[in-house]
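Have a look at the structure below, then the notes.
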Amino acid sequence: YPLWAITSTAEGGLAWSPAQVGFTQMLGGPMLLLGNLVLLPALRRRIPSSLALQRFAICAMAIPGFALFPLAAACCAGDDGAATLAVLPVFFLRITSVGLIFTLSF
């Protein structure tokens, strides 16, 4: 993610500064905390099996979370505010999905 965000818009990136990338990375901690404290208990009530929940996290959260990043460049390259707003929900999916999968492994 950081290398893609720093890459120029001509090459498919967002042309962000290291500060912008750092800001979004800094938000990853609260997103992971929110995912483990709010999202995981809610999903556990609906999907009691750990294996089924891991599969859900992979299919419904991780794959879209990694695959949708290029859309932010396609729709919002050059507009830092819009790109940040486009990246954050996708980043939330990516961070929380990996966190849920890792947490359910133990």
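Residue numbers count from 1 along this sequence. These numbers come from the heavy atoms of this one structure, side chains and all, not from hydrogens, waters or symmetry mates.
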May I ask you to test the [X]-[Y] pair for a side-chain heavy-atom distance under 4.5 Å?
X: R94; Y: V90; result: no
X: L14; Y: V87; result: yes
X: L39; Y: M61; result: yes
X: S50; Y: R44; result: yes

From the list L100, T103, L40, side-chain contact (heavy atoms from CB on, under 4.5 Å) with L53 holds only for L40
Donor-acceptor pairs under 3.5 angstrom involving side-chain atoms of residues 16-27: please list them, not counting sequence neighbours.
residue : atom : partner : partner atom : Å
S17     : OG   : A19     : N            : 3.4
S17     : OG   : Q20     : N            : 3.2
S17     : OG   : Q20     : OE1          : 3.4
Q20     : OE1  : S17     : N            : 2.8
Q20     : NE2  : D80     : OD2          : 3.1
T24     : OG1  : Y1      : OH           : 2.4
T24     : OG1  : V21     : O            : 2.8

Heavy atoms only: give me the nearest [X]-[Y] pair and the separation to one decimal.
X: S8; Y: A15; result: CA-CB, 4.1 Å
X: T7; Y: L3; result: OG1-O, 2.5 Å
X: A57; Y: S97; result: O-CB, 3.7 Å

Excluding sequence neighbours, so at least two apart, what forms side-chain contact (heavy atoms from CB on, under 4.5 Å) with [X]?
X: V98; value: F66
X: L37; value: L33
X: I58; value: I63, I101
X: L32; value: N36, I95

Residues joined to L85 in its hydrophobic cluster, side chain to side chain under 4.5 Å directly or through other members, sorted by chain and number, are none
* To do: Indicate whether the side chain of Q54 and that of S105 have a donor and an acceptor atom separated by less than 3.5 Å.
  => yes
